[in-house]
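Here's the structure, in structure tokens; my notes come after.
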Number of protein chains: 2
Amino acid sequence: MLASQLLLRPSVTASDRLLLAIQEAIVEGEIPAGSKISEPELARRFAVSRAPLREALARLERCHLIERIPNAGARVVTLTPEKLISLYQLREELEGLACRLAAQYMADDEIQELQALLDEHLRTQRVREGESYYQEAGDLDFHYRIILGSKNPYLINILCDELYFLVRMYRVQLGMNGPRVSRAFDEHKAIIHAIANRDGELADLLMRRHIGASRQNIALQLQQTR
Amino acid sequence: MLASQLLLRPSVTASDRLLLAIQEAIVEGEIPAGSKISEPELARRFAVSRAPLREALARLERCHLIERIPNAGARVVTLTPEKLISLYQLREELEGLACRLAAQYMADDEIQELQALLDEHLRTQRVREGESYYQEAGDLDFHYRIILGSKNPYLINILCDELYFLVRMYRVQLGMNGPRVSRAFDEHKAIIHAIANRDGELADLLMRRHIGASRQNIALQLQQTR
DNA sequence: AGCCCTTCAATTGTCGACACTTTTAAAATA
DNA sequence: TATTTTAAAAGTGTCGACAATTGAAGGGCT
């Protein structure tokens with residue numbers, strides 16, 4: 001469910017719940033990309049006042065899902081190929097770094113868990129052929145663990161809390177579940193292998209290629225669509 | 001003044017002004033690192049209600065200057081050597097990327113302006129020997145322009161709006177203005193040269209070294225302090 | 001004395017109302 | 001009819017007050 005940042009929170013406020021609900025609605029396209037957000041309307045819909053709603057909107061802006069203009073209101077972001085490329089450029093760099101650090105700082109048992117996770121995903125994947133949801137959940141989980149393994153708090157915050165909802169939004173709304181399934185698994189395996197060998201440089205390189213391949217895949221899809 | 005994200009805003013609200021004021025107070029150490037933030041107290045101090053104050057606090061959390069715990073309140077972040085290293089690791093990666101992209105996307109006149117800026121800083125620096133404020137302002141300005149030159153909106157947002165206040169806070173409070181002045185100028189010149197030659201790879205490498213040198217400088221200073 | 005429970009004050013989260021701004025729509029003029 | 005002006009409607013920003021939660025002080029127990 002990707003609620004990593006909420007699992008640690010002792011008490012959940014209304015604005016926390018709102019954030020999750022609206023995030024999901026935007027990512028899934030229920031609130032369409034580019035549409036205007038009306039505070040009174042959303043407040044009615046979720047049966048809360050505008051105070052916690054505005055708190056939630058502030059946090060939605062933080063993860064780039066909406067854009068606000070003072071005195072004019074908020075809009076859901078519009079998705080463009082250019083922005084998507086920008087996003088993947090960043091991911092290549094940041095997740096490459098995450099791999100290098102993870103190879104250095106992850107505990108042995110964390111690496112073993114990661115390996116076990118991949119095996120399980122492989123089995124699940126075989127059973128549910130074609131169901132992209134599990135594939136995506138597995139993929140995100142894989143990336144999450146490595147990012148957390150970097151132990152760099154700023155890096156973790158940027159990737160997990162700010163950029164990954166955008167990544168999901170693009171995947172869902174542009175239908176990026178592609179035919180890269182089995183190849184992605186092999187790439188994941190190679191990356192884990194490098195981390196297990198404490199070869200940060202190699203893990204870095206492999207992750208950059210892994211994400212770079214996705215980026216080119218996207219570029220191709222976009223080109224074909226035209 | 002580093003108010004880049006505010007210059008474009010049509011109308012300035014109370015929470016905008018609050019954000020700037022509190023940011024400055026935290027960066028300069030007037031509100032001490034690690035101290036608890038009392039909403040009623042701050043609201044009185046700035047003569048506003050808690051609504052715009054809370055909006056400002058949400059944005060301060062976004063740039064990592066405060067940490068909030070639901071129902072418990074907000075604290076100014078504490079500075080640690082480990083976090084500072086984490087921050088510089090990120091900067092190396094992100095500003096390296098920024099250089100590579102800037103070499104590709106900056107317009108010719110933007111590069112010329114950048115060059116002129118550096119010359120001017122050099123002159124100003126000679127006049128005001130030892131005054132670290134101008135040196136820092138110049139340094140930040142230099143980095144800003146290259147980041148903006150990358151034309152990658154997510155990269156720009158993360159570096160300029162989220163991480164640079166933290167960088168300033170560390171510089172001010174740990175007194176990081178060091179003896180690297182003249183050497184930094186040479187490094188800046190080399191980076192611009194690479195960008196002007198549209199050599200992204202080289203600019204990337206040089207920027208990583210430039211920031212890496214600062215990082216090692218910091219590590220040394222911290223070691224000596226003990 | 002030390003620890004746990006209760007009570008109370010202080011702080012945070014939420015609410016409804018008001019002030020100001022922007023946008024929309026109608027009216028007036030050319 | 002097209003354009004500008006004006007007025008109303010909707011929406012955002014801010015305020016003060018109430019409700020819910022937390023942290024601390026005090027009292028009771030072992």
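In what follows, chains carry the letters A, B, and so on, assigned in the order in which the sequence lines appear, proteins first and then strands, with residues in each chain numbered from 1. Keep in mind that what you see is a predicted model, and the values were worked out from it rather than measured.
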Across the strands shown, which category fits A:I37 at heavy-atom distances under 4.0 angstrom: base, sugar-phosphate, nothing?
sugar-phosphate
To the nearest angstrom, how far is A:I66 atom CD1 from D:dT12 atom C1'?
13 Å
Euclidean distance, atom CG of residue A:L57 to atom P of D:dT14 [Å, nearest integer]:
15 Å
For the side chain of B:R50, counting heavy atoms from C-beta on, which of D:dT14, C:dT12, C:dC15 is nearest?
C:dT12
Interatomic distance, A:L53 CG vs D:dT12 P [rounded to whole Å]:
9 Å
B:P40 or A:V48: which one's nearest nucleotide on DNA chain C is closer to the 5' end?
B:P40
Tell me whether A:R168 forms a cation-pi arrangement with A:F165, defined as NZ or CZ under 6.0 Å from the six-membered ring centre and within 45 degrees of its axis.
no
If you check the B:T13 side chain, which of C:dT14, D:dT12, D:dT14 turns out closest?
D:dT14
Determine the contact category for A:A51: base if any of its heavy atoms lies under 4.0 Å from a base atom, sugar-phosphate if only primed atoms, P, OP1 or OP2 are that close, otherwise nothing.
base
Distance in angstrom units between A:R68 CZ and C:dT22 P, rounded:
16 Å
Residue A:S49, side-chain heavy atoms: nucleotide from C:dC15, C:dT11, D:dC15 that is nearest
C:dC15
Would you say A:L118 and A:Q115 make side-chain contact, with heavy atoms under 4.5 Å?
no
Between P on D:dG13 and CD on B:E55, what's the gap in Å once rounded to a whole number?
7 Å
Protein-nucleotide distance (A:R44, atom CZ; D:dG11, atom C1'), rounded to Å:
12 Å
Does the plane of the ring in B:H188 sit parallel, tilted or perpendicular to the ring in B:F142? Use 30° and 60° as the thresholds.
parallel
Does A:R215 come within less than 4.0 Å of A:E95, counting only side-chain N to carboxylate O?
no
In terms of side-chain heavy atoms of A:N71, which of C:dT22, C:dC15, C:dT11 is nearest?
C:dT22
Under 4.0 Å: is that the gap between some side-chain N or O of A:K36 and OP1 or OP2 of D:dT12?
yes
All salt bridge (Lys or Arg N to Asp or Glu O under 4.0 Å) counterparts of B:D119, not counting sequence neighbours:
none
Whole Å only: how far is the CZ atom of B:R54 from the P atom of D:dC15?
14 Å
Rounded off to whole Å, could you give me the CD-to-C1' distance for the A:E41 and D:dA10 pair?
13 Å
